[in-house]
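Single-structure report; data block below.
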Amino acid sequence: MSFRTRFAPSPTGFLHIGGARTALYCWLEARRRGGEFLLRIEDTDRERSTDEAVQAILDAMAWLDLDADAAPVYQTQRLARYREVAGRLLAEGKAYYAYESKEEIEAMREAAMAKGEKPRYSGYYRDRNEPYREDPNRVIRFKNPQQGSVVFEDKVKGRIEFANGELDDLVIFRSDGWPTYNFAVVVDDIDMGITEVIRGDDHVNNTPRQINIYKALGAPVPEFAHLPMILDKEGKKLSKRTNSVSVMEYRENGYLPHAILNYLVRLGWSHGDQEIFSREEMARLFDVADVNKAASRFDTEKLNWLNQHYLKTDDPQALAPEFEWHLERIGIDPARGPAPADVIVALRDRVHTLKEMAEKAGIWYGPITEWDDKAVAKHLKNDSAAAVLATAKARLAGVEWKPEPIHQAIEQVAAQLELGMGKIAQPLRVAMTGTQVSPSIDHTIYLAGRAEALKRIDTALAIAQG
RNA sequence: GCUCCCAUCGUCUAGUGGCCCAGGACACCGCCCUCUCAAGGCGGGAACACGAGUUCGAACCUCGUUGGGAGCGCCA
């Protein structure tokens with residue numbers, strides 16, 4: 001049988017960061033093993049599932065470029081199949097109808113808790129062989145083995161054993177006629193030919209129940225790999241109240257898909273001391289068996305570092321489209337200013353995200369809207385500013401409009417006036433930006449364009465002399 | 001309460017009985033470079049949760065303690 005993994009989100013919200021890592025690991029594992037990666041939408045909870053959420057998940061997967069090898073499978077379209085399999089279990093005496101109301105079940109649980117036991121179903125209808133009847137409370141329960149134990153070798157956690165006595169007869173079909181999670185998952189994974197189930201470790205407790213269903217169905221049991229959780233900075237569960245959890249929110253905040261993937265692949269997994277991984281390296285080196293057992297915390301500082309790393313090393317042209325997306329998002333028309341790739345080169349050493357970059361880039365796509373008083377007082381209102389600006393203007397008027405020639409022109413101004421670069425660059429910087437912070441002065445001038453640069457020098461000259 | 005899982009610098013991790021008085025990275029601090037801010041270079045502080053055992057030898061093996069987490073639904 002060929003190797004096959006799947007990512008199976010339930011569409012009750014956007015794709016969050018933990019889900020993205022699970023998807024990545026599934027994808028990576030499939031790629032390394034030369035197998036297939038499939039996507040399944042677990043939408044049997046019709047109360048909470050939405051089409052918007054399905055689309056949001058698909059969009060996020062596409063943005064991360066985690067491509068599935070087949071069209072997604074939707075559980076809501078497989079109802080007939082679930083009924084068929086449940087019917088078979090019923091016919092073989094491996095499942096039975098039960099008629100307790102939700103209130104009765106609740107009372108049962110409380111009674112068990114009161115006795116210091118694990119809350120579970122009593123098994124009242126298990127062996128009663130009561131005739132089938134129409135009843136609003138009718139559910140189908142799986143006859144879980146009562147003796148022995150279930151043992152499985154988890155690829156990340158190691159050997160895990162559960163006593164069957166701890167497990168009760170779980171509902172596999174609800175009274176509303178839909179299958180429950182634990183049942184649908186097994187039927188789907190069998191039908192889809194899944195050989196390795198990779199999911200969050202909040203599912204370890206479900207695994208023995210599922211294994212028992214596999215066995216009842218006479219199907220081969222896949223391998224399991226349960227990934228530890230991702231916690232927030234404080235070591236608490238990630239919550240959208242206090243953290244960015246949606247993958248697309250990271251896009252909006254200016255992160256690159258590759259940076260997110262690189263960050264996620266190293267969160268819980270490593271390959272010696274290596275920190276930077278291309279997608280190809282990840283796919284070649286990653287092995288889910290090497291994933292750590294312990295939960296880890298999400299550290300935005302390290303993500304920032306990685307994001308800047310890719311900002312600095314990726315081809316500016318390749319980065320341009322995503323950067324333009326950010327410019328447009330804050331109301332800047334990329335057509336009304338310098339080439340985005342040039343802006344990226346000027347700013348990539350100075351920001352961690354494309355969002356920051358877009359914000360800082362505004363100065364080249366529109367007029368100076370604000371003059372920093374301190375900057376003006378310090379660098380424009382001094383003895384040499386007017387001469388610097390006038391001399392620079394003259395030199396810049398005829399120079400070839402590229403960073404390097406501009407750089408030389410400015411050095412000539414310094415030589416001519418016998419001033420240090422600090423005395424030259426700062427007045428020009430204030431002239432170009434209205435502030436005393438910007439990229440290197442040659443790039444700052446270059447990006448403004450010749451006409452606009454000269455215009456801004458005139459304006460600054462007026463301020464300096466006024 | 002019960003079941004299951006986890007435990008190396010602030011954080012992500014290397015480490016699978018001697019190479020470790022524990023290595024790398026992020027963050028932090030200092031110095032250098034420097035037209036501002038960065039980036040970069042160099043250097044620094046910083047951890048094996050605790051206690052027993054096994055062993056000539058334990059971060060690595062065993063047991064216990066403590067501390068975290070997950071699950072216990074007709075949600076997934």
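Chain A is the first sequence line, chain B the second, and so forth, proteins listed ahead of strands; every chain is numbered from 1.
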Rounded interatomic separation in angstrom, taking CZ from A:F298 and C1' from B:U13: 16 Å

- request: Round to a whole Å and report the spacing from CG of A:L238 to C1' of B:G69.
  value: 13 Å

query: Looking across every strand, which nucleic acid part, if any, lies under 4.0 Å from A:R348 by heavy atom: base, sugar-phosphate, or nothing?
result: nothing

query: So what does A:N137 touch, heavy atoms closer than 4.0 Å: a base, only the sugar-phosphate, or nothing?
result: base

statement: Here the distance between atom P of B:G73 and atom CG of A:D202, to the nearest Å, is 15 Å

- prompt: Is A:S440 touching bases, backbone alone, or none of the nucleic acid, heavy atoms closer than 4.0 Å?
  reply: base

statement: In Watson-Crick or G-U wobble terms, with both distances under 3.5 Å, the base opposite B:G73 is none

message: Taking only side-chain N and O atoms of A:N206, does any of them lie within less than 4.0 angstrom of OP1 or OP2 on B:A70?
response: no

task: Could you tell me whether A:I441 contacts a base, only the sugar-phosphate backbone, or nothing, with contacts defined as non-hydrogen atoms closer than 4.0 Å?
output: base

message: Mind checking if A:E275 touches a base, just sugar-phosphate, or nothing, with heavy atoms under 4.0 Å?
response: base

- request: Report yes if a donor N or O on one partner sits less than 3.5 Å from an acceptor N or O on the other, where the partners are the side chain of A:R350 and the base of B:C37; otherwise report no.
  value: yes

message: Could you check whether A:H407 and A:D442, counting side-chain N and O atoms only, form a donor-acceptor pair closer than 3.5 Å?
response: yes

message: For the C1' atoms, the ones on B:G30 and on B:A49, what distance do you get once it is rounded to whole angstrom?
response: 32 Å

query: Under 4.0 angstrom, heavy atoms only, what part of the nucleic acid is A:E100 near: base, sugar-phosphate, or nothing?
result: base

- request: Using whole Å, report how far CG of A:L231 lies from C1' of B:C6.
  value: 11 Å

query: Think A:R109 has a side-chain N or O under 4.0 angstrom from the OP1 or OP2 of B:G73?
result: yes

- prompt: Do any side-chain nitrogens or oxygens of A:S296 fall under 4.0 Å of OP1 or OP2 in B:U11?
  reply: no

- prompt: In the strands shown, is B:A25 matched to any nucleotide by a Watson-Crick or G-U wobble pair with both distances under 3.5 Å, and which?
  reply: B:U11

message: I'd like to know whether CG of A:D315 has more than 12 heavy-atom contacts from other residues, nucleotides or ligands below 6.0 angstrom.
response: yes

query: With a 4.0 Å cut-off on heavy atoms, is A:Q274 in touch with a base, just the backbone sugar-phosphate, or nothing at all?
result: nothing

task: Mind checking A:F173 for me? I need base, sugar-phosphate or nothing, with any heavy atom below 4.0 Å counting as a touch.
output: nothing

- request: Answer yes or no: does a side-chain N or O of A:K312 lie under 4.0 Å from OP1 or OP2 of B:G40?
  value: yes

field: Nucleotide B:U11, atom C1' - distance to CG of A:L267 in whole Å
entry: 10 Å

message: Salt bridge or not between A:D189 and A:R40? Use side-chain N to carboxylate O under 4.0 Å.
response: yes

message: Rounding to an integer number of Å, can you tell me how far A:H407 NE2 sits from B:C35 P?
response: 9 Å

message: Assess whether a salt bridge exists between A:D188 and A:R6, defined as any Lys/Arg side-chain N lying under 4.0 Å from an Asp/Glu carboxylate O.
response: no

Distance test, side-chain N/O of A:T180 to OP1/OP2 of B:G73, below 4.0 Å: no

query: A:K237 near the nucleic acid: base, sugar-phosphate alone, or nothing, with a heavy-atom cut-off under 4.0 Å?
result: sugar-phosphate

- prompt: If you look at every strand shown and take non-hydrogen atoms under 4.0 Å, does A:G235 touch a base, only sugar-phosphate, or nothing?
  reply: nothing

task: When you get a sec, tell me which of B:C35, B:A25, B:U3 is the closest nucleotide to the side chain of A:K118?
output: B:U3

- prompt: In whole Å, what separates the C1' atom of B:C60 from that of B:G23?
  reply: 15 Å

message: So A:V139, base contact, sugar-phosphate only, or nothing? Heavy-atom distance under 4.0 Å.
response: base

- prompt: Is B:U36 paired to anything, Watson-Crick or G-U wobble with both distances less than 3.5 Å, and if yes, which nucleotide?
  reply: none

message: Heavy atoms from C-beta onward define the side chain here; which of B:C74, B:U3, B:C72 lies closest to that of A:R141?
response: B:C74

task: Using both distances under 3.5 Å as the test, list the Watson-Crick or G-U wobble partner of B:C20, or none.
output: none

task: Can you tell me the distance, in whole Å, between the CG atom of A:L170 and the P atom of B:C72?
output: 12 Å

task: Take atom NZ of A:K94 as the centre, draw a 6.0 Å sphere, and report whether it contains more than 12 heavy atoms from other residues, nucleotides or ligands.
output: yes

field: Per A:K102 side chain, nearest of listed nucleotides B:U11, B:C74, B:A70
entry: B:C74

Opposite nucleotide pairing with B:G30, Watson-Crick or G-U, both atom distances under 3.5 Å: B:C42

message: Classify A:R266 by what it touches in the nucleic acid, base, sugar-phosphate, or nothing, heavy-atom distance under 4.0 Å.
response: base

- request: Indicate, with a heavy-atom threshold strictly under 4.0 Å, whether A:H203 touches base, sugar-phosphate, or nothing.
  value: base

- prompt: Strictly by modelled atom types, are A:Q210 and A:T207 linked by a side-chain donor-acceptor pair under 3.5 Å?
  reply: no

message: Measure CD/A:E104 against C1'/B:G73 and give the value in whole Å, please.
response: 16 Å

message: Any strand counts, and the cut-off is 3.5 Å on both contacts for Watson-Crick or G-U wobble. Which nucleotide pairs with B:A52?
response: B:U62

- request: Have a look at A:Q436 and say if it touches a base, only the backbone sugar-phosphate, or nothing, with a 4.0 Å heavy-atom cut-off.
  value: base

Between B:G53 and B:G68 - P atom distance, rounded Å: 27 Å

task: Would you tell me if any nitrogen or oxygen in the side chain of A:S270 comes within less than 4.0 Å of OP1 or OP2 on B:A14?
output: yes

message: If the cut-off is 4.0 Å, is A:K157 near the phosphate of B:C5, judged by side-chain N/O to OP1 or OP2?
response: no

task: Could you check if a side-chain atom of A:D45 sits within less than 4.5 angstrom of a side-chain atom of A:S10, using non-hydrogen atoms only?
output: no

query: Considering residues, nucleotides and ligands other than A:K360, do more than 12 of their heavy atoms fall under 6.0 Å from its NZ?
result: no

message: Looking only at the side chains, is there a donor atom on one of A:E130 and A:Y99 sitting less than 3.5 Å from an acceptor on the other?
response: no

